[in-house]
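When reading the values below, keep in mind they use all heavy atoms of this one structure, side chains included, and skip hydrogens, waters and symmetry mates.
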Amino acid sequence: MTLIDRNELLKHEVMIITKGNAAFHGVPSSLIETAPVIDFKNLQPVWRNPEADPPKAETEVLVLVDCGKGYCITTAFYEDGTVSQYESLWQWEDVDDYGIYDEEEDLYRLKKGWWEYRHFTPDDALECPIDKPVVGWMPLPEKLKKEGVA
């Protein structure tokens with residue numbers, strides 16, 4: 001594996017647009033933008049800022065949560081407030097209790113925020129909002145995605 005400075009590449013490379021798809025010399029810009037960020041000093045993955053750089057809606061990621069007396073790490077997904085209960089990749093129950101009703105469309109949109117289904121979720125719920133501050137996120141390791149673990 002070769003490390004690149006993603007931010008420098010995005011700043012200096014010339015974007016080529018063909019058939020409506022942006023690419024940097026044949027590499028899709030979306031691939032560069034979602035590449036893991038590495039701290040070159042420690043060669044460690046870097047937690048991304050959830051306020052300034054949230055992940056794509058409904059994409060499962062690792063999150064770092066401030067649990068009060070320490071931090072915990074779990075998988076979670078981010079909702080940006082635009083996805084409806086019917087468009088969601090996740091299964092929702094009782095969405096009328098916590099969703100945002102869209103009168104024009106006559107459906108519920110999922111509230112903006114972080115959601116998960118392992119640590120903060122009661123036994124009888126499928127998805128649950130994380131009620132503690134999410135202070136960082138990073139993409140899931142490729143090994144977990146390939147094995148279907150996450």
* Single-linkage hydrophobic cluster, 4.5 Å side-chain cutoff, I100 and W92 together -> no
* Establish whether I73 and V135 are linked, either directly or via other cluster members, by ILVMFWY side-chain heavy-atom contacts under 4.5 Å. => yes
* Heavy-atom distance under 4.5 Å between the side chains of L62 and P139, does that happen here? -> no
* Asked: Out of curiosity, does V95 fall in the hydrophobic cluster containing Y86 (side-chain heavy atoms, cut-off under 4.5 Å, transitive links)?
  -> no
* Asked: Roughly how far, to the nearest 0.5 Å, is the CD atom of E51 from the CG atom of D53?
  -> 11.0 Å
* **Donor-acceptor contact below 3.5 Å, side chain S88 vs main chain Q85** => no
* For E105, does the CD atom have more than 12 heavy-atom neighbours from other residues, nucleotides or ligands under 6.0 Å away? -> yes
* Residue list, side-chain hydrogen bond (donor to acceptor under 3.5 Å, both in side chains) with Y98, at least two apart or on another chain -> none
* Asked: Where do L110 and S84 come nearest, in terms of heavy atoms and distance?
  -> CD1-O, 4.2 Å
* **Check: V83 and E58 side chains under 4.5 Å, non-hydrogen atoms** => yes
* Hey, are R109 and D102 close enough for a salt bridge, meaning a charged N less than 4.0 Å from a carboxylate O? -> yes
* Asked: Can W90 and W115 be said to form a side-chain contact (heavy atoms from CB on, under 4.5 Å), step by step?
  -> CA-CA 10 Å; W90 302 90; W115 299 79; over 6 Å; no
* **Which atom of G136 lies closest to which atom of W47, heavy atoms considered** => C-CE3, 3.6 Å
* Is there a side-chain contact between D96 and Y108, using heavy atoms and a 4.5 Å cut-off? -> yes
* Structure fact -> d(E87 CD, T82 OG1) to nearest 0.5 Å is 7.5 Å
* Do L64 and V134 come within less than 4.5 Å of each other through their side chains, counting heavy atoms only? -> no
* Asked: Which pair of non-hydrogen atoms, one from P50 and one from W114, has the smallest distance, and what is that distance?
  -> CB-CZ2, 3.7 Å
* To do: Look at the side-chain heavy atoms of Ile, Leu, Val, Met, Phe, Trp and Tyr, link any pair under 4.5 Å apart, and say whether Y101 and L107 land in one connected group.
  => no
* Asked: So, do P54 and D80 sit near enough that their side-chain heavy atoms are less than 4.5 Å apart?
  -> no
* Side-chain touch D66/K132, heavy atoms, less than 4.5 angstrom -> no
* To do: Report yes if some heavy atom in the side chain of E79 is under 4.5 Å from a heavy atom in the side chain of K111; otherwise report no.
  => no
* Ignoring hydrogens and angles, state whether a donor on the side chain of E116 or T75 is under 3.5 Å from an acceptor on the partner side chain. => no
